[in-house]
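Beneath this line is the structure, given in structure tokens, with notes to follow.
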Protein chains: 2
Amino acid sequence: MRVADTATEPELACPIGPVVDIVFSRWTTPILWSLHAHGRQRFVELERRITRITPKVLTQRLRQLERDGLVVRTYHPEVPPRVEYEISELGRSLAPLFAHLAEWSTEHLGEVEQARQAYDEA
Amino acid sequence: MRVADTATEPELACPIGPVVDIVFSRWTTPILWSLHAHGRQRFVELERRITRITPKVLTQRLRQLERDGLVVRTYHPEVPPRVEYEISELGRSLAPLFAHLAEWSTEHLGEVEQARQAYDEA
DNA sequence: CAGTATCCCAGATGATACTG
DNA sequence: CAGTATCATCTGGGATACTG
């Protein structure tokens, strides 16, 4: 974990910048979570589970996740076509991290709420 | 860590949705990281350290962070004015999480790169 | 079913200039 | 110094419709 060149590089002064872009860009956490919680799924299943997402955006995100090696896409040339998505090994390696995040959430989300209320009153 | 209502709520099917919004919205990680790595800092110091950020956006992000209780702002009514920002107790509680993230980064970022290359060749 | 193709808009971001 | 004000920009995302 380098800190030395903190002042050198742009916003990448922050060594976790790249990971954040990969793992926490919009829609990726719901998708990964869904895939992790419910296993291999078809396009429509994801679409139904992640309410409010449009097929266009879901496709975009899935492609990105596939490109980054976090998700595996399997195409079955049938009629009608069947496509299945599942978490890759690499994607699964994020599980402890997500757990850590969920833990922080249950422990400190309340404090954030309080801080907001206090702030808004002033 | 509930999973039961995964299909009930919208994108919050993902229990870490709220935290992600708070901690990983744009510019927040560089700011928090800088504050964590270099301690209490004035506005200009942050501005210089986080290259490419404009004062407007820096102000916005700092306000948000302050409202969420992750950062403490101290105003010194002098001439010229002096304002200092520092991480709060709550903000500091994110440190292990960031460390975890940095660790994942050093271990797996290479795999992401490889996946991308492989994908782009096909 | 599993997407693509278009059109479109809001909100976020950037550039620039100005103040207490 | 520590912002704010204003204007221009621009891209992600939404709505809708269509296809192999």
Whole-Å gap separating [atom2] ([N]) and [atom1] ([X]):
X	N	atom1	atom2	value
B:Tyr75	C:dG20	OH	P	13 Å
B:Glu84	D:dG3	CD	P	12 Å
A:Leu58	C:dA2	CG	P	10 Å
B:Glu66	D:dA2	CD	P	15 Å
A:Phe43	D:dG20	CZ	P	18 Å
B:Glu47	C:dT16	CD	C1'	14 Å
A:His76	C:dA2	NE2	C1'	13 Å
B:Ile50	D:dG3	CD1	P	13 Å

Hydrophobic cluster membership, B:Val72 vs B:Ile31, 4.5 Å side-chain cutoff:
no

5' precedence on DNA chain C between A:Leu62 and B:Thr54 (nearest-nucleotide basis):
A:Leu62

Of B:Pro55 and B:Gln60, the one whose nearest nucleotide on DNA chain C sits closer to the 5' end is B:Gln60

Nearest 0.5 angstrom please: B:Ser25 OG to B:Leu65 CG, how far?
7.5 Å

Verify the contact: side-chain N or O of [X] to OP1 or OP2 of [N], cut-off strictly under 4.0 Å; return yes or no.
X	N	result
A:Arg73	C:dG3	yes
A:Arg26	D:dT11	no
A:Arg42	C:dG3	no
A:Tyr85	C:dG3	yes
B:Arg52	C:dA15	no
B:Arg61	C:dT13	yes

Ring geometry between B:Phe43 and B:Tyr85 (parallel below 30°, tilted from 30 to 60°, perpendicular above 60°)
tilted

Between A:Phe24 and B:Phe24, what is the ring plane arrangement, given parallel below 30°, perpendicular above 60°, and tilted in between?
parallel

Charged N to carboxylate O below 4.0 Å: is that the case for B:Glu84 and B:Arg82?
yes

Taking for each residue the nucleotide of DNA chain D with the nearest heavy atom, is it A:Pro81 or A:Lys56 whose nucleotide lies nearer the 5' end?
A:Lys56

Nucleotide paired to C:dG20 in any strand shown, Watson-Crick or G-U, under 3.5 Å:
D:dC1

From C:dG3, D:dC1, D:dG3, nucleotide with atom closest to B:Pro80 side chain:
D:dC1

